[in-house]
Participant: 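Mind looking over this structure? Questions follow.
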There are 2 protein chains.
Amino acid sequence: MPKALPVLDTTAPVCCSPMAAGPVDEGAALEIALRLKALADPVRVRLMSLILAEAELGVCTCDLAPAVGVTEATVSHHLKQLRDAGLVEGTRKGTNVYYRPNADGLVALCRVIDPDCC
Amino acid sequence: MPKALPVLDTTAPVCCSPMAAGPVDEGAALEIALRLKALADPVRVRLMSLILAEAELGVCTCDLAPAVGVTEATVSHHLKQLRDAGLVEGTRKGTNVYYRPNADGLVALCRVIDPDCC
DNA sequence: CGCCTGACTCGACGTTCGTCAAGTAATTGC
DNA sequence: GCAATTACTTGACGAACGTCGAGTCAGGCG
């Protein structure tokens, strides 16, 4: 983990693509790369799609693990990365933790890489 | 390299986000993850932004290397990944190879992760 | 309380990744 | 043809990553 994630800089007005808007400096590049890396794994892509599919109700870890075919420990590890990148949110309800997508995080990521946004 | 990249499946009509559209199967998840991974590195993010900044003229490797502060060999390595993912295109002109962005690749990537596309 | 279940943390392992130095191709100019 | 320049390939090294088993923490329930 090269750096902490400030939950995707909700401070910065990321309307226009910072990437297509001009050369990005080293720090910004790292921030962008970290967010992309959070999604750059087949298991995390599948987890994200499953969480998006149940955006209303939320999904718990114990349901996700068999769905993607890995250990619960591994799912937990991946969910932490998605959480740190601000892409999902987990809320505890009894013994279960229900995960829901954080649409803002995904949209922000999209804006960063879209060459003809705005 | 777990799999060859068919230059981002220009065959598939990726209008609506395949990720938010429903659970993605293992193969599709791998394809998406590979494209995201192509951009999930700070050096490649900076290369992409530099190439986008000179979309008209194109940039050659020898100019990119000092701009990002790594060896030309390393830049070549990263450019290959961006090329394989269909994000940039390189055309040789004399001894130089000029790189230009492939907007379609970036837009397709964006569509894949956008939760409220369409 | 004691026990169980679900979620997470820790340590370890094998693999992949980013980087460079050195070597190889390709193209131009003398 | 030969030298020079630019781009790429190869091999190697260290760092980071994904995965798991085992252990730990937190909430229900008998």
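Below, read A as the first sequence line, B as the second, and so on, with proteins coming before strands; counting in each chain starts at 1.
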Participant: Quick one: is A:Arg44 getting a side-chain N or O under 4.0 Å of the D:dG18 phosphate, OP1 or OP2?
Facilitator: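 So the side-chain polar atoms of A:Arg44 do come within 4.0 Å of the phosphate oxygens OP1 or OP2 of D:dG18, strictly under.
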Participant: Whole-Å distance between C:dC8 P and A:Lys80 NZ?
Facilitator: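 Rounded to the whole Å, the gap is 10 Å.
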Participant: side-chain hydrogen bond (donor to acceptor under 3.5 Å, both in side chains) with A:His78: which of A:Arg83, A:Arg46, A:Arg44?
Facilitator: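 Single side-chain hydrogen bond (donor to acceptor under 3.5 Å, both in side chains) partner of A:His78 among A:Arg83, A:Arg46, A:Arg44: A:Arg44.
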Participant: For A:Asp41 and C:dC17, what is the distance between atoms CG and P respectively, to the nearest whole Å?
Facilitator: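 After rounding, the reported distance stands at 11 Å.
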Participant: Looking for any heavy atom pair under 4.0 Å, which part of the strands does A:Thr61 touch: base, sugar-phosphate only, or nothing?
Facilitator: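 Sugar-phosphate contact only - A:Thr61 comes under 4.0 Å of backbone atoms but never of a base.
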Participant: For A:Leu39 and D:dG18, what is the distance between atoms CG and P respectively, to the nearest whole Å?
Facilitator: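 From A:Leu39 CG to D:dG18 P: 12 Å.
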Participant: Figure out the CG/P separation between B:Asn96 and D:dT6, and round it to whole Å.
Facilitator: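 In whole Å, D:dT6 P lies 7 Å from B:Asn96 CG.
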Participant: Please give, in whole Å, the distance from D:dT19 P to A:Leu47 CG?
Facilitator: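 Spelled out: CG on A:Leu47 to P on D:dT19 is 10 Å.
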Participant: Can you confirm whether A:Met48 sits close enough to A:Leu39 that some side-chain heavy atom of one is under 4.5 Å from a side-chain heavy atom of the other?
Facilitator: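 Sidechains of A:Leu39 and A:Met48: in contact.
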Participant: Which part of the nucleic acid, if any, lies within reach of A:Val75 when heavy atoms closer than 4.0 Å are counted: base, sugar-phosphate only, or nothing?
Facilitator: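 A:Val75: no heavy atom of the nucleic acid under 4.0 Å.
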Participant: Looking only at the side chain of B:Thr71 (C-beta and beyond, no hydrogens), which of the listed nucleotides C:dC20, C:dT19, C:dC8 gets closest?
Facilitator: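 The answer is C:dC20.
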Participant: Can you tell me if B:Arg83 touches the phosphate of D:dC8, counting only side-chain N or O atoms and a distance under 4.0 Å to OP1 or OP2?
Facilitator: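 Answer is yes, contact under 4.0 Å.
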Participant: Roughly, in whole Å, what's the span from NE2 in B:His78 to C1' in D:dC8?
Facilitator: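 My rounded result for the distance is 14 Å.
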Participant: Ignoring hydrogens and angles, tell me if any N or O in the side chain of B:Asn96 forms a donor-acceptor pair with the backbone of B:Cys60 under 3.5 Å.
Facilitator: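 Absent.
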Participant: Could you give the CZ-to-P distance, from A:Arg46 to D:dG18, as a whole number of Å?
Facilitator: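 Roughly 15 Å, once rounded to whole Å.
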Participant: Is there a donor-acceptor contact under 3.5 Å from the side chain of A:Ser49 to the main chain of B:Ala20?
Facilitator: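 Not confirmed, A:Ser49 side chain does not pair with B:Ala20 backbone.
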